[in-house]
Structure formats: structure tokens, C-alpha cells
Trainee: 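Attaching a single structure in C-alpha cells format; questions to follow.
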Amino acid sequence: MFNTIKTVALSGLVALGTLAAVPAHADSIYLGFGNNHDRRTGVYIGDDDDGYRRERHWRRCSPERALDKAERMGLHRVRLIDVNRRVVKVAGRQYGDRVVVVFANERGCPVIYR
């Protein structure tokens, strides 16, 4: 009985080790049991090939992205003031006051000054 438990535990560890070896670039893992249209069963590792990427990668902070981020920060009537190679300046209203937010012109639009 003890040998059976050891064998099951060892098999489980090997299975977990196999899942850890899954390539990092795979977008999804499918566990399929088949259905009316697809009779295959098993585990499938695949990529999202539908043309839509869930992650967006920005190399620079675009003015549209900065305006979007400022609105999500709670600014109203947001407008663009200045764009140069280092910063993107945005102005808007918050609680009745005029607020200027300066974003760095790099990936992710980090806030420099508020």
C-alpha cells in the first residue's frame, strides 16, 4: 500500500515538472475532451492565432494614450498642451481646479509631474 502511494506521489511530481517545461511563448493550454465538432481529446498547447493580441506594446507615449490615462486618473475636459521627444503634457479639470499632468514619452506613459 505504501509503495502505491509513493508511486502516485512520484507520478504527480513528474506531471507537475512536465507542465513547468511548457514553452513560455504559448498563449494558452487547452484540455480537450472532444465535442460534436471536434472529436480530439488530450492537452493542447497553442497560440492565439485569431489576429487579436490581448497585450498592446507601446514604444512611446502617444498623445491618445496620455489623454486616455489622464481621464482614467480622474481629469475631466482633458486636452493636449505640448508634445516633444521627452514629455507629453496634458491639462484638465479635477474638483474644479486646473490640473497639468506631465507624462514621460516612453513605454507605459509614467507620470513625471502632477
Trainee: Check Val101, Leu80, Asp82 against Val88 for a side-chain contact (heavy atoms from CB on, under 4.5 Å) and give me the one that passes.
Mentor: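 By the side-chain contact (heavy atoms from CB on, under 4.5 Å) criterion, Val88 pairs with just one of Val101, Leu80, Asp82: Leu80.
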Trainee: Could you check if a side-chain atom of Asn105 sits within less than 4.5 angstrom of a side-chain atom of Asn84, using non-hydrogen atoms only?
Mentor: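 They are not in contact (no side-chain heavy atoms under 4.5 Å apart), so the answer is no.
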Trainee: Excluding sequence neighbours, so at least two apart, what forms side chain to side chain contact (heavy atoms under 4.5 Å, CB included) with Ile112?
Mentor: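 Expected list: Val87, Val102, Ala104.
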Trainee: Does Arg72 CZ have over 12 foreign heavy atoms under 6.0 Å away?
Mentor: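 Atom CZ in Arg72 is crowded, with more than 12 foreign heavy atoms closer than 6.0 Å.
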Trainee: Who passes side chain to side chain donor-acceptor pair (under 3.5 Å) against Gln94, sequence neighbours left out?
Mentor: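 Testing Gln94 for side chain to side chain donor-acceptor pair (under 3.5 Å), a comparison that skips the adjacent residues, returns Arg114.
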Trainee: For the side chain of Lys69 and the backbone of Gly108, is there at least one donor-acceptor N/O pair under 3.5 Å apart?
Mentor: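 At least one qualifying donor-acceptor pair exists.
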Trainee: Name all residues meeting the side chain to side chain contact (heavy atoms under 4.5 Å, CB included) criterion together with Arg98; count only those two or more places apart in sequence or in a different chain, and write none if there are none.
Mentor: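 Listed in chain order: Arg79, Ile81, Ala91, Arg93, Val100.
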Trainee: Got a second to check how far Cys61's SG is from Glu106's CD, nearest 0.5 Å?
Mentor: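 Atom-to-atom, Cys61:SG and Glu106:CD are 9.0 Å apart.
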Trainee: Calculate, to the nearest 0.5 Å, the distance between atoms CZ and CZ belonging to Phe103 and Arg60 respectively.
Mentor: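 CZ of Arg60 is found 16.0 Å from CZ of Phe103.
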Trainee: So which heavy atom on Arg65 is nearest to which on Cys109, and how close?
Mentor: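 Residues Arg65 and Cys109, closest heavy atoms: CG-SG, 3.4 Å.
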